[in-house]
Structure formats: structure tokens, C-alpha cells
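Encoded as C-alpha cells, the structure appears first; notes follow it.
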Amino acid sequence: QVQLVESGGGLVEAGGSLRLSCAASGRTFMTPVVAWFRQAPGKEREFVSFITRSSDATNYADSAKGRFTISRDNAKNTAYLQMSSLKPEDTAVYYCAGRYGSPSVNSNDYNYWGQGTQVTVSS
């Protein structure tokens, strides 16, 4: 069983940056595919980005392209989401998720989830 723990959220002004981390615990290895999703109040959970085990493939939601960068360090069993040029509309709870299948933008395809970390961007 893989447990995922996110950290790095917080309150930041518009235009600022944050780096989220997702650490695997328990069975300490990261799943082949790691993704970030987010959920704003009153909205459905939405895909942000994914990365494959060897980091040879990444994908970003249009809202994240050019501003967010996903990465992973398999030796540390940790994945990251570097977020820059943050906007108030980026305010949400950010979740790390993992799966053993092929990369997917569908949250239903992910088996392992963290508890989420709050990101709040003030205007």
C-alpha cells in the first residue's frame, strides 16, 4: 500500500510562487504515474499535471501550462509541483495521486491519494 502526503501549501499573493511536495510513505516507492489534481470550493476536482516514472512524459492542464512544472525524485520517493505566477483562480486544495497504469487525466483512474494541501492566492 502506498500512502501519499502532500506539503508546501499556504497563502501567497498573486504573482507569487509555491512548491508543493508529495512524499510516499509506507510502501516507500512512488507509483509509476504521479499526478496533481485540485479542487476549489463548489467545483469538481480537476486535473493539473502528471508525470511518468522516468519523467519522460508530462502533461499539463491548459490552466497550468507555462506556469507550473511537475517533477519527481524517485530516490527520495517524492514528487513536486512548482507553481509560479499564481493567480487567485489557482486557489484550491491540491491533491497528489498515484496509479500503476498508463498516464491519465481522469481522477477516477488513480488509486492512491494524499489528504490534500490548501493553496490560497490573494489578489
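Side chains are part of it too, since the values below use all heavy atoms of this structure and drop only hydrogens, waters and symmetry mates.
- The nearest pair of heavy atoms linking Asn106 to Phe37 is C-CZ, 4.1 Å.
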Query raised in the report: Step by step, would you call Val12 with Met83 a side-chain contact (heavy atoms from CB on, under 4.5 Å)?
Result: CA-CA 11 Å; Val12 64; Met83 304 186 296; over 6 Å; no
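- Across all their heavy atoms, Asp109 and Ser104 have their closest contact at OD2-OG, 2.5 Å.
- With rounding to the nearest 0.5 angstrom, the OG1 atom of Thr78 is 10.0 Å from the CG atom of Leu4.
- Listed here is the closest heavy atom pair of Val2 and Ala24: CG1-CB, 4.3 Å.
- A distance of 9.5 Å separates OG of Ser17 from CZ of Phe68, quoted to the nearest 0.5 Å.
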Report task. Given side-chain contact (heavy atoms from CB on, under 4.5 Å), test Thr31 with Arg99 step by step and report yes or no. Result -> CA-CA 6 Å; Thr31 52; Arg99 76 184 303 262; 5.7 Å; no
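- When every heavy atom of Ala92 is checked against every heavy atom of Gln39, the shortest pair comes out as CB-O, 3.4 Å.
- Residues Trp36 and Tyr100 fall within the same hydrophobic cluster, defined by Ile, Leu, Val, Met, Phe, Trp and Tyr side chains chained together at heavy-atom separations under 4.5 Å.
- Between Leu18 and Leu86, the closest heavy-atom pair is N-CD1, 3.9 Å.
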Query - Step-by-step side-chain contact (heavy atoms from CB on, under 4.5 Å) determination, Trp113 to Arg45 - result: CA-CA 12 Å; Trp113 290 87; Arg45 191 169 298 187; 3.2 Å; yes
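- Atoms CG and CZ, from Asn74 and Arg53 in turn, are 6.0 Å apart once rounded to the nearest 0.5 Å.
- Annotation for Val93 and Gln118: closest pair CG2-OE1, 3.2 Å, computed over non-hydrogen atoms.
- Annotation: the span from Phe50 atom CZ to Tyr110 atom OH amounts to 6.5 Å, rounded to 0.5 Å.
- Of the inter-residue distances, the one linking Gln82 atom CD with Arg19 atom CZ reads 7.0 Å to the nearest 0.5 angstrom.
- One finds the OG1 atom of Thr69 at 14.0 Å from the OH atom of Tyr80 (value rounded to the nearest 0.5 Å).
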